[in-house]
Amino acid sequence: MPLYEELAWRGFIENKTSEELPKILANERITAYDGFDPTADSLHVGNLVGIMALVHFQRHGHTPVVLMGGATGMIGDPSGKSKERVLLTTETIDSNVAKQKAQFEHFLDFDSGKALLVNNASWFAPITFIDFLRDVGKHFRLGEMLAKESVKSRMNSDVGISYTEFSYMLLQSYDFLHLHDAHGCTMQIGGSDQWGNITAGIDLIRKLRSAQAYGLTTPLITDSTGQKLGKTAEGENVWLDPKRTSPYKFYQYWVNQPDSDVVRFLKLFTLLEQDEITALEKSVEDEPHARAAQKRLAQVTTEMVHGANGLAAAEKATAIMFGGAIEDVDGETLLDIFADVPSATLAPSWLDDGKIIVDLLVESETAKSRGDARRRVKEGGIYLNNVRVQEEDRAITRGDLVADTAIVIRAGKKNYRVVRFG
RNA sequence: GGGGAGGUUCCCGAGUGGCCAAAGGGGGCAGACUGUAAAUCUGUUGGCGAAGCCUUCGAAGGUUCGAAUCCUUCCCUCCCCA
């Protein structure tokens, strides 16, 4: 399937700046970029749409460019944001850029120029403010800028918009111009909220270089609850860094996708072929309880991000946590399985101090206060080694240890925490 | 620079001297149901405790027996005019 058709089928295309795009992508080898803000030390699931779009470009022989916003990340893009960005320090940004760079290497082949990763700090740092206003600012008309949706919506909100963020579109336009000049980049990919910034860049390239550039926006992916993609039920981001989001949790995030989203996500976040996805779609209709599509989605995405070992660990942990009893597992296996689960360590003597379940919940940070712990026990949402505990003053002793090493706490249906002693 | 409106618990938002740990909604958490789903229903949602106590309504002071509510100064946001 040609690239454009494949992107369309998979659901990557929200809008394009030119009707010529399908033809160009089929007949030419182009360089296309997508920007990523290094506001955290890891990429997260929300970035996957952009990453996978670049992956498809590379698979079809085009050259993808990952633009790290080392400079622009210090400003903050107002597009799609309801409030002003908290500004980060240079050190933090640099460190984030380095860490995200390593993650991109899981997806794209950067060998011998097949893909590029650039940081816009490298071209923004030498420019003075006066030069920038003269050379770039001159080509922007205030009327157009004010008409941009990203600006308008913030102007109409009661947080307003600072001059800093207002200037963002100039910076992003200059990125595009620079990549056009330096790498022959003629295309920018971005989320639908980037439309205004992308077209601004295309205009700048046309004005200054009399050249035609293109833009493609991907839809804002939300889950069935309308929430932005890549948030756990707790509202935390699902990160690609295993230190931030364990492979187990990552796997679980995908397994838990509702029927209404799973096919869409298979298309976007896996490279599975049309035949297999169609078969999985049928399975969702015919035997939804089997959740074959969810399992396959989780399997493929986890392996892609965390490798075969990460997937194996996630699957093993899942089998235990949603399956058998915990008593008949030996200590090593137990700790291995629960390696991905948040844990706490307490001194062995703790068990001899006549503590009760409420103490255990608080000291293992399962509950945020004693009142919270007490309430949750009362509600029947606390399990000790998978056995429900309903007495607030349930004593905790050495007898509760599994395999002489740990206690497994479960809060609610699927939130586990291991407490190790020693 | 001038004028006006505001800043309340996770969010929105009510509350104008005691009946306010603060209405209502949203969100979260838990339970039932279930497919580790959706929808629905129920409970719960500052901290410590048995009662009760402690901390909280942009910040700091002040008035008062008593303040989220009144006064002063400061910080921040929005709107209009210049």
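So you know, we letter chains A, B, ... as the sequences are listed, proteins then strands, and number each from 1. Side chains included, hydrogens not; waters and symmetry mates left out as well; all remaining heavy atoms used.
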For atom CG of A/Asp393 and atom P of B/A50, their distance in whole Å
11 Å
Measuring from the side chain of A/Arg374 (C-beta onward, heavy atoms only), which nucleotide among B/A30, B/G35, B/A50 has the closest atom?
B/A50
Span that lies between the C1' atom of B/U36 and that of B/A67, in whole angstrom:
50 Å
Pairing of A/Arg398 and A/Asp404 as salt bridge, 4.0 angstrom limit
no
Expressed in angstrom and rounded to an integer, what is the separation of A/Arg370 atom CZ from B/U55 atom P?
20 Å
For nucleotides B/G62 and B/U56, find the distance between their P atoms and express it as a whole number of Å.
15 Å
Quick check on B/U36: is either OP1 or OP2 less than 4.0 Å from any side-chain nitrogen or oxygen of A/Tyr416?
no
Taking atom C1' of B/A30 as reference, at what distance in whole Å does atom NZ of A/Lys368 sit?
13 Å
Considering only atom C1', compute the distance from B/A5 to B/A38 and round it to an integer number of Å.
43 Å
Would you indicate what A/Ala411 reaches in the nucleic acid, counting non-hydrogen atoms under 4.0 angstrom: base, sugar-phosphate, or nothing?
sugar-phosphate
Take the protein atom CD of A/Gln294 and the nucleotide atom P of B/U34, then report the distance between them rounded to whole Å.
19 Å
Parallel, tilted or perpendicular: which describes the rings of A/Phe124 and A/Tyr174, with under 30° parallel and over 60° perpendicular?
tilted
Note: for A/Asp372 and A/Val255 on RNA chain B, the residue whose nearest nucleotide lies more 5' is A/Val255
Nearest-Å distance for atom pair NZ/C1', residues A/Lys413 and B/A32:
8 Å
If pairing means Watson-Crick or G-U wobble with both distances under 3.5 Å, then the partner of B/A14 is none
In whole Å, measure the gap between the C1' atoms of B/G58 and B/G66 for me.
23 Å
Just name whichever nucleotide pairs with B/C57, Watson-Crick or G-U, keeping both distances under 3.5 Å, else none.
none
Can you find a side chain N or O atom of A/Ser369 that sits less than 4.0 Å from OP1 or OP2 on B/C48?
yes
Which part of the nucleic acid, if any, lies within contact of A/Arg291, taking any heavy atom under 4.0 Å across all strands shown: a base, the sugar-phosphate backbone alone, or nothing?
base
Heavy atoms under 4.0 Å, any strand shown: does A/Tyr251 hit a base, just sugar-phosphate, or nothing?
nothing
In this structure, how many angstroms lie between the P atom of B/G35 and the NZ atom of A/Lys414, rounded?
14 Å
Determine the interatomic distance between C1' on B/G7 and the same-named atom on B/G52; round to the nearest Å.
33 Å
Using a cut-off of less than 4.0 Å, is there contact between a side-chain N or O of A/Lys378 and OP1 or OP2 of B/C29?
no
Could you let me know what B/G6 is paired to, Watson-Crick or G-U wobble, both distances under 3.5 Å, or none if it's on its own?
B/C76
Quick check: A/Phe104 with A/Phe110 (ring centres under 6.0 Å apart)?
no
For B/A23, the Watson-Crick or wobble counterpart (both distances under 3.5 Å):
none
Could you measure between the two C1' atoms, the one in B/G15 and the one in B/C20, and give it in whole Å?
9 Å
Report yes or no: is there a donor-acceptor pair, N or O only, under 3.5 Å between the side chain of A/Glu379 and the base of B/G31?
no
Any donor-acceptor N or O pair under 3.5 Å, side chains A/Thr318, A/Gln252:
yes
Euclidean distance for C1', B/G13 against B/A23 (whole angstrom):
10 Å
Salt bridge flag under 4.0 Å for residues A/Asp41 and A/Lys243:
no
Rounded to the Å, how far apart are A/Asn256 CG and B/A37 P?
6 Å
How many whole angstroms separate atom CD of A/Gln257 from atom P of B/G35?
19 Å
Among A/Thr366, A/Asn385, A/Asn386, A/Asn415, whose side-chain hydrogen bond (donor to acceptor under 3.5 Å, both in side chains) with A/Arg410 holds?
A/Asn386
Can you figure out which of B/U45, B/G31, B/U36 approaches the side chain of A/Tyr383 most closely?
B/G31
Once the angle between the rings of A/His56 and A/Phe12 is folded into 0 to 90°, is it parallel (under 30°), tilted (30 to 60°) or perpendicular (over 60°)?
perpendicular
Counting Watson-Crick and G-U wobble pairs only, both distances under 3.5 Å, name the nucleotide matched with B/G43, or none.
B/C29
How is A/Arg388 classified with respect to the nucleic acid when contacts are heavy atoms under 4.0 Å: base, sugar-phosphate, or nothing?
sugar-phosphate
On a whole-Å scale, what distance lies between the P atoms belonging to B/G28 and B/U73?
44 Å
